[in-house]
J.: 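Okay, handing you the structure first.
The model shown is predicted, which means the values in this text are computed figures rather than measured ones. Letters A, B, ... are given to chains in the order of the sequence lines, protein chains preceding strands, and every chain is numbered from 1.
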Number of protein chains: 2
Amino acid sequence: MSELQQRIDFIKAIDGLKEVQRQTLLMSKSRYENSGEHSWAVATFALTLADYAKPGTDINKVIHMLLLHDIVEVDAGDTFCYDDAGYEDKAEREQAAADRLFGLLPSPQAQQFRAIWDEFEAEETQESQFAAALDRMIPILHNLNTNYEAWIKNKVSYAQIVQRNQKIAKANPELWDYIHTRVRQAVDSGHIPEG
Amino acid sequence: MSELQQRIDFIKAIDGLKEVQRQTLLMSKSRYENSGEHSWAVATFALTLADYAKPGTDINKVIHMLLLHDIVEVDAGDTFCYDDAGYEDKAEREQAAADRLFGLLPSPQAQQFRAIWDEFEAEETQESQFAAALDRMIPILHNLNTNYEAWIKNKVSYAQIVQRNQKIAKANPELWDYIHTRVRQAVDSGHIPEG
């Protein structure tokens, strides 16, 4: 098989990401978001918020990570970030998916893409920490702009939101302050429970 | 309004791209694709096919273009690439949309993003020519893998496909050869009319 065919087979395989439903409503509230369109939105968010990354952050590496960060969901499905039970075997399911999907590519691209995804997952570099923060921030923006419907449906509390999203504060306190102020308003107005 | 709020307002506004339907079936044929998830797929395609760009091509600029290339459709809608009538006022509709959407951003980012989009539209640089080629190539891959259903539905002929997709050949003859061989098979097997 030609290397071009291998690359096209990879693109065909990850098309399934457009059919993985997330627990996030579109801004219009017309339906739930899928992981393919989310990946576009969060990569574009990174380009738009590049000035909010720490000095020296390679924003293009952040974008590459965000284009690839969810493709394992084609096999492993989406795990809602407030779902403790789902998180138990998430890593195992996603490693197997990464083996299969990145393995469709020719060498050395298979290893290069896998390294980008591994770096995102490890959250040890400032690029992966910024990418992870934006990946958490964007569904919060959706919740804040859709009357908190997905949070209410899933009984998400203020305490959970604060605990699960500290990586936003770690990446950039200004971004967290923006989010936290608005989440606090949702609690104070009685839409979201405290704990 | 803070610059962060302006950037978030931009992200909120372009969320509508997830609700613009294209004339392309998903690889699974379960439904038609939207322009948001298409933008993710074609940006990821650029990362995957970076080696097929002409030497010296800035692939990150290509990716930035592809993340932004369709956002004007939030206001202007998608124009099917074989729709001659729709193309008549496409440029005018899209310029007005670009004025509004990029105008949501603070300066100088508004001008920077507009320049990326203008460069994509002009197709004069090798980055924009490669981006445009991939943007044409990916729906062809979908048609080739879904029994040509969208082409048949829209009565698209071989002559139209060849005429509308010469930019693929211009960007990389190997990519065009891959596509052309398979389109020719669709004609020779009687699925697509010659002219």
J.: Between B:Ile63 and chain A, which part of the residue has a heavy atom less than 4.5 Å away: side chain, backbone, both or neither?
T.: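 For B:Ile63, the side chain is the part near chain A, not the backbone.
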J.: Which region of A:Ile14, side chain (C-beta onward) or backbone (N, CA, C, O), has a non-hydrogen atom less than 4.5 Å from a non-hydrogen atom of chain B, or is it both or neither?
T.: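 Contact with chain B: backbone and side chain both.
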J.: Counting heavy-atom pairs under 4.5 Å with chain A, which one of B:Gln112, B:Gln5, B:Glu174 comes out on top?
T.: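 Looking at each of B:Gln112, B:Gln5, B:Glu174 in turn, B:Gln5 comes out on top.
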J.: For the ring pair A:Tyr158 and A:His191, is the centre-to-centre distance below 6.0 Å?
T.: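 Ring centres of A:His191 and A:Tyr158 not closer than 6.0 Å.
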J.: Is it the side chain or the backbone of B:Ile11 that comes within 4.5 Å of chain A heavy atoms, both, or neither?
T.: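 Side chain of B:Ile11 only, per the 4.5 Å heavy-atom cut-off to chain A.
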J.: Using a cut-off of under 4.5 Å for heavy-atom pairs, which of A:Ile71, A:Leu67, A:Leu68, A:Leu105 has the most such pairs with chain B?
T.: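 Max contact count across the listed options: A:Leu67.
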J.: Quick check on B:Tyr178 against chain A: is it the side chain, the backbone, both or neither that has a heavy atom closer than 4.5 Å?
T.: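 Side chain only.
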J.: Which bit of B:Glu33 is near chain A, if near means a heavy-atom gap under 4.5 Å: side chain, backbone, both or neither?
T.: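 Looking at B:Glu33, just its side chain touches chain A.
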J.: Do B:Ser128 and B:Glu124 have side-chain N/O donor and acceptor atoms under 3.5 Å apart?
T.: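 No pair is found: no donor N or O on one side chain lies under 3.5 Å from an acceptor on the other.
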J.: Is B:Asn34 reaching over with its side chain to a backbone N or O of B:Glu37, donor-acceptor style, under 3.5 angstrom?
T.: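 It does hold such a pair.
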J.: Determine whether the side chains of A:Asp99 and A:Gln95 contain a donor N or O and an acceptor N or O closer than 3.5 Å.
T.: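 Note: A:Asp99 and A:Gln95 side chains miss the donor-acceptor criterion.
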J.: Just one of A:Leu141, A:Asn165, A:Val162, A:Ile161 clears the side-chain contact (heavy atoms from CB on, under 4.5 Å) bar with A:Ile179, so which one?
T.: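 So, applying the side-chain contact (heavy atoms from CB on, under 4.5 Å) to A:Ile179 and each of A:Leu141, A:Asn165, A:Val162, A:Ile161, only A:Leu141 qualifies.
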J.: Examine whether an atom of B:Leu66 lies under 4.5 Å from a heavy atom of chain A, and if so say whether it belongs to the side chain, the backbone or both; otherwise answer neither.
T.: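 For B:Leu66, neither part sits under 4.5 Å from chain A.
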J.: Is it the case that the side chains of A:Gln126 and A:Thr57 hold a donor-acceptor pair, with the cut-off being a distance below 3.5 Å and no angle test?
T.: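 Yes, a side-chain donor-acceptor pair sits under 3.5 Å.
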